[in-house]
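Structure record follows, encoded as structure tokens.
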Amino acid sequence: MPIEMTVNGEPRRSLAEPMTPLIDVLRDEFHLTGAKPVCREGFCGACTVQLDGAPVLSCLTPAGLAEGHEIRTVEGLSAGGRLNPIQAKFAEHDAVQCGMCFPGMVVTLTHFLAHTPRPSRDEVQAALAGNACRCTGYERIVAAALDAAGA
Ligand code: FES
Ligand code: FES
């Protein structure tokens, strides 16, 4: 049975087994490579996508759970190839180095800032607790997120 879902506003159909990790369907079948399979164990957050608007780890989400639901990847968060405000603030604050964590950070922060438009520094840090970055030391990421909230 095909798995039917909506991805970035488009109806999509996967022939994968229901227990196939969603990230593999997104990357290998739908060629959406924004979400990154860094740890595949639920520790890093680089694979974060939105399922019905809420962030989920696509490495631990069986594709079958997406049946009938709306998936949004980082590719679906920017219109017409332009940076969305969070991406633009990351660039402005030089908050990206290797970039592996970046898509997951953007997906997580998009949901967080939509629900917490004027966050404190502590709230930003708590929101990003599940998104690891090995390069930047987090200071610039938090600054970019706080700036994006004010933008
Ligand atoms: S790849 Fe999913 S949490 Fe690290
Ligand atoms: S920029 Fe390299 S892991 Fe965050």
Side-chain angles (χ1 to χ4, degrees), residues 3 5-8 12 14-78 81-116 119-151:
I3 303 167
M5 64 187 91
T6 303
V7 181
N8 299 334
R12 304 301 291 260
S14 168
L15 297 176
E17 292 294 322
M19 289 306 291
T20 303
L22 179 59
I23 191 167
D24 292 337
V25 170
L26 294 172
R27 292 177 60 90
D28 299 341
E29 279 192 62
F30 301 159
H31 307 296
L32 294 166
T33 56
K36 300 288 185 275
V38 174
C39 73
R40 287 186 171 273
E41 292 185 348
F43 295 122
C44 73
C47 64
T48 305
V49 300
Q50 292 183 357
L51 191 155
D52 291 343
V56 297
L57 299 174
S58 61
C59 71
L60 298 184
T61 302
L65 284 184
E67 168 70 35
H69 293 279
E70 168 136 2
I71 303 297
R72 192 158 292 274
T73 69
V74 70
E75 289 93 339
L77 295 176
S78 51
R82 292 197 311 273
L83 299 181
N84 75 23
I86 296 170
Q87 291 169 319
K89 289 300 179 186
F90 268 64
E92 198 178 309
H93 285 265
D94 206 10
V96 187
Q97 289 183 27
C98 80
M100 292 300 276
C101 68
F102 183 43
M105 296 267 183
V106 171
V107 172
T108 298
L109 283 171
T110 298
H111 175 264
F112 170 67
L113 293 178
H115 292 82
T116 314
S120 68
R121 183 181 186 79
D122 285 351
E123 287 174 322
V124 169
Q125 289 176 327
L128 291 175
N131 292 84
C133 177
R134 287 176 179 269
C135 306
T136 65
Y138 298 100
E139 191 56 39
R140 293 176 183 189
I141 289 172
V142 172
L146 287 168
D147 203 7

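Ligands are counted one by one from 1 in listed order, and the atoms in each one are counted from 1 as well. Count residues from 1 along the sequence.
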- Task: For E29, enumerate each residue passing the side chain to side chain donor-acceptor pair (under 3.5 Å) test, keeping only those at least two apart in sequence or located in another chain.
- Result: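 With neighbours one apart ignored, the set is S14.
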
- Query: Which atom pair, heavy atoms only, marks the closest approach of V49 to A35?
  - Reply: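 Closest pair (atom of V49, atom of A35, distance): CG1-CB, 4.0 Å.
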
- Item | For Q50 against V107, the heavy-atom pair lying closest together |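 Looking at all heavy atoms of both residues, the shortest contact is NE2-O, 3.5 Å.
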
- Determine, for E139 against R121, whether the closest basic-nitrogen to carboxylate-oxygen distance falls under 4.0 angstrom.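 Result for this pair is yes, salt bridge flagged.
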
- Message: With heavy-atom distances below 4.0 Å as the criterion, list the atoms of ligand 1 near K36.
- Response: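 It comes down to these atoms of ligand 1: 1 (S).
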
- Could you give the distance from CE (M105) to CZ (F112), rounded to the nearest 0.5 Å?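 Nearest 0.5 Å value for the CE-CZ distance: 13.0 Å.
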
- Task: Drop me the distance from L128's CG to L109's CG, to the nearest 0.5 angstrom.
- Result: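 Rounded to the nearest 0.5 Å, the CG-CG separation comes out at 4.5 Å.
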
- From atom 2 (Fe) of ligand 2 out to just under 2.8 Å, does an N/O/S atom of C135 turn up?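 Yes.
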
- Do any of the N, O or S atoms of C133 sit under 2.8 Å from atom 2 (Fe) of ligand 2?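 Under 2.8 Å: C133 has no N, O or S contact with atom 2 (Fe) of ligand 2.
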
- Task: Measure the shortest side-chain to side-chain distance between T48 and L57 over non-hydrogen atoms and say whether it is less than 4.5 angstrom.
- Result: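 The answer is yes; the side chains approach within 4.5 Å.
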
- Message: Tell me if the CD atom of E17 is crowded by more than 12 foreign heavy atoms within 6.0 Å.
- Response: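 For E17, atom CD is not crowded (no more than 12 foreign heavy atoms under 6.0 Å).
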
- Message: Give the atom numbers and elements of ligand 2 that come within less than 4.0 Å of a heavy atom of G99.
- Response: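 Matching atoms, with element in brackets: 1 (S), 2 (Fe).
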
- Under 2.8 Å from atom 2 (Fe) of ligand 1, which protein N/O/S atoms are there?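 Less than 2.8 Å away from atom 2 (Fe) of ligand 1 sit C47 SG, C59 SG.
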
- Item | Among Q97, R134, R140, closest by any non-hydrogen atom to atom 1 (S) of ligand 2 |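 The nearest heavy atom belongs to Q97.
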
